[in-house]
Amino acid sequence: MARAMRLARRGLYTTDPNPRVGCVLARDGRIVGEGWHEVAGGPHAEVAALRAAGEAARGATAYITLEPCCHQGRTPPCTGALVAAGVARVVAAMEDPNPLMRGQGLRQCEEAGMAVASGLLQAQAEALNPGYVRRMRLGRPLVRCKLGMTLDGRTATAGGESQWITGPEARQDVQRLRARSSAVMTGIGTLLDDDPRLNVRIESSRQPVRVVVDSSLRTPPQATVLNGPGGVLIYCAEADRDRQAVLEARGATIICTPAEEQVDLRAMLADLARRQVNEVLLEAGATLAGAMVQAGLVDELIVYMAPSLLGSAGRGLLNLDGIEHLAQAVELEIADLRRVGRDWRITATVSGAETRMLY
């Protein structure tokens with residue numbers, strides 16, 4: 001199963017919106033076939049492993065990081081392929097939280113005469129697909145908030161200069177975060193100040209959806225974010241029909257959430273889940289990032305800390321309103337700390353988050 005996990009990670013940047021899955025077929029103490037889900041719409045891990053094994057799959061045990069699918073999607077169900085190949089036993093790391101599944105795949109294998117088991121290395125399996133698991137269980141994607149700061153917690157000078165606080169290695173690391181994400185999100189303040197592209201600028205087979213939180217539809221029609229593949233979603237609280245028409249003519253999709261003045265953040269994440277968005281990378285300023293944290297909608301903070309100081313006049317990391325006592329502090333758990341070039345990357349989960357991360 002550990003080998004199947006390593007295979008599944010090969011699809012880290014390519015399988016979205018499908019889960020990352022690996023499969024190993026073993027018989028008589030040796031591996032006879034293995035595979036992983038390489039790209040959405042392509043063969044699933046079980047099918048790839050069966051093709052590699054050929055006739056050696058008969059009587060083998062299949063170790064799969066996720067319960068085999070039993071419904072027709074873009075590809076046929078994997079349970080049928082396992083049965084047809086004569087696999088004798090199926091061991092799944094976890095049941096598929098998809099409502100179409102939830103044990104039905106394993107049940108079909110058992111009814112076909114296979115021995116089945118589930119739960120081997122389950123925590124590691126869930127960490128392979130934290131966004132997929134959260135979307136299926138809670139109806140919203142996983143949200144990572146990426147932040148860059150100096151050692152004294154400043155993100156920019158008082159005048160707003162921020163490029164570049166962190167070094168090139170940290171910026172390259174962010175590109176890998178973007179590449180694994182389903183969507184990259186920013187707020188209208190950052191868009192107006194920095195005119196970001198929000199795209200992946202390393203070799204990648206796909207571009208994430210670009211998301212702008214813009215309550216009053218102030219996005220300029222010439223904004224760079226509207227260029228390129230991947231699609232742009234703009235969430236607003238009130239839609240000026242003329243502005244909406246101009247932005248739609250530039251290829252944007254405008255979604256109004258049921259709110260009076262500000263975008264309903266929970267409704268926005270629920271809509272993204274319906275669009276099969278698993279993992280959101282939030283790259284925003286102190287206002288939107290702080291609002292998302294205070295609403296309990298950020299699962300993980302990834303902070304790149306530069307060895308420099310900007311002083312008390314510099315801009316702060318997050319706007320967290322109403323905190324007057326230590327008991328009101330947002331509690332975090334440091335999951336990882338590592339050097340990236342001259343900077344340090346701090347990965348922290350928000351206390352109580354249900355999804356473990358794997359790096």
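Positions are given from 1 along the sequence. Nothing here was measured: the structure is a model prediction, and the numbers come from that model.
Between the CZ atom of Arg338 and the CZ atom of Arg345 there is a distance of 5.0 Å, given to the nearest 0.5 Å. Between Gln262 atom CD and Ser215 atom OG the span is 4.0 Å, to the nearest 0.5 Å. Expressed to the nearest 0.5 Å, how far NZ of Lys146 lies from CD of Glu300 amounts to 13.5 Å. Here the straight-line distance linking atom CG of Leu288 with atom CG of Leu265 works out to 6.5 Å at 0.5 Å rounding. With values rounded to the nearest 0.5 angstrom, Leu310 atom CG is found 8.5 Å from Arg154 atom CZ. Here Thr155 contributes atom OG1 and Met149 contributes atom CE; the two are 10.5 Å apart, rounded to the nearest 0.5 Å.
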Between Tyr132 and Asp16, does the side chain to side chain donor-acceptor pair (under 3.5 Å) criterion hold? Intermediate values first, please.
CA-CA 9 Å; Tyr132 176 81; Asp16 194 79; over 6 Å; no
Start with the C-alpha gap between Leu217 and Gln244, add the side-chain angles, then the distance that decides, and say whether side chain to side chain contact (heavy atoms under 4.5 Å, CB included) holds.
CA-CA 7 Å; Leu217 275 191; Gln244 180 173 347; 4.1 Å; yes
Under the criterion side chain to side chain contact (heavy atoms under 4.5 Å, CB included), I'd like the reasoning laid out for Thr253 against Ile234: C-alpha separation, chi angles, the key distance, then a yes or no.
CA-CA 6 Å; Thr253 299; Ile234 301 178; over 6 Å; no
Show your reasoning for whether side chain to side chain donor-acceptor pair (under 3.5 Å) applies to Asn278 and Ser182.
CA-CA 6 Å; Asn278 291 326; Ser182 313; 4.5 Å; no
Give the intermediate values and the outcome of side chain to side chain contact (heavy atoms under 4.5 Å, CB included) for residues Leu25 and Tyr63.
CA-CA 6 Å; Leu25 293 169; Tyr63 295 91; over 6 Å; no
Which is it for Asp299 and Arg134 under the salt bridge (Lys or Arg N to Asp or Glu O under 4.0 Å) test, yes or no, and what are the steps along the way?
CA-CA 10 Å; Asp299 302 291; Arg134 183 168 289 278; 3.3 Å; yes
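Two residues are said to be in side-chain contact when any heavy atoms from C-beta on lie closer than 4.5 Å; Cys145 and Met292 fail this criterion. Contact annotation: the side chain of Leu128 never approaches that of Pro19 to less than 4.5 Å [non-hydrogen atoms, C-beta and beyond]. Between Glu126 and Met94, some side-chain heavy-atom pair lies under the 4.5 Å cut-off. Side-chain contact between Leu301 and Thr349 is absent, with no heavy-atom pair separated by less than 4.5 Å. Here the side chains of Val91 and Thr61 are in contact, with some heavy-atom distance below 4.5 Å. Looking only at side-chain heavy atoms (C-beta outward), Glu261 and Glu238 stay at 4.5 Å or farther from each other. In this structure the side chain of Pro220 reaches within 4.5 angstrom of the side chain of Leu191, judged on heavy atoms. Side-chain contact check for Glu279 versus Pro141: every heavy-atom pair is 4.5 Å or farther apart.
For Gln175, the CD atom counts as densely surrounded, since its 6.0 Å shell holds more than 12 non-hydrogen atoms of other residues, nucleotides or ligands. Around atom CD of Gln222, more than 12 heavy atoms belonging to other residues, nucleotides or ligands sit under 6.0 Å away. Annotation: Gln328, atom CD; neighbour count of heavy atoms from other residues, nucleotides and ligands within 6.0 Å is above 12. Remark: Glu248 CD is packed, more than 12 non-hydrogen atoms of other residues, nucleotides or ligands lying under 6.0 Å away.
No side-chain donor-acceptor contact under 3.5 Å links Thr166 and Asp343. Defined by atom type and a distance below 3.5 Å, a donor-acceptor pair is present between the side-chain atoms of Asp271 and Tyr235. With hydrogens and angles left out, the side-chain atoms of Thr186 and Glu283 include no donor and acceptor closer than 3.5 Å. Side-chain polar atoms of Gln108 and Gln104 form no donor-acceptor pair below 3.5 angstrom.
No continuous path of ILVMFWY side-chain contacts below 4.5 Å connects Val47 to Val24, so the two sit in separate hydrophobic clusters. The hydrophobic clustering, which links ILVMFWY residues whose side-chain heavy atoms are closer than 4.5 Å, places Leu272 and Ile255 together. No continuous path of ILVMFWY side-chain contacts below 4.5 Å connects Val280 to Val200, so the two sit in separate hydrophobic clusters. By the rule that hydrophobic residues join a cluster once side-chain heavy atoms approach within less than 4.5 Å of another member, Ile334 and Leu151 end up as members of one cluster.
With salt bridges taken as basic N to acidic carboxylate O contacts below 4.0 Å, one links Glu34 and Arg3.
Checking each of Thr190, Val211, Leu233 against Met185 for a side-chain contact (heavy atoms from CB on, under 4.5 Å) leaves exactly one that passes, namely Val211.
The ring pair (Phe, Tyr, Trp, His ring centres under 6.0 Å) analysis of residues 10-48, with sequence neighbours excluded, yields the pairs His37-His44.
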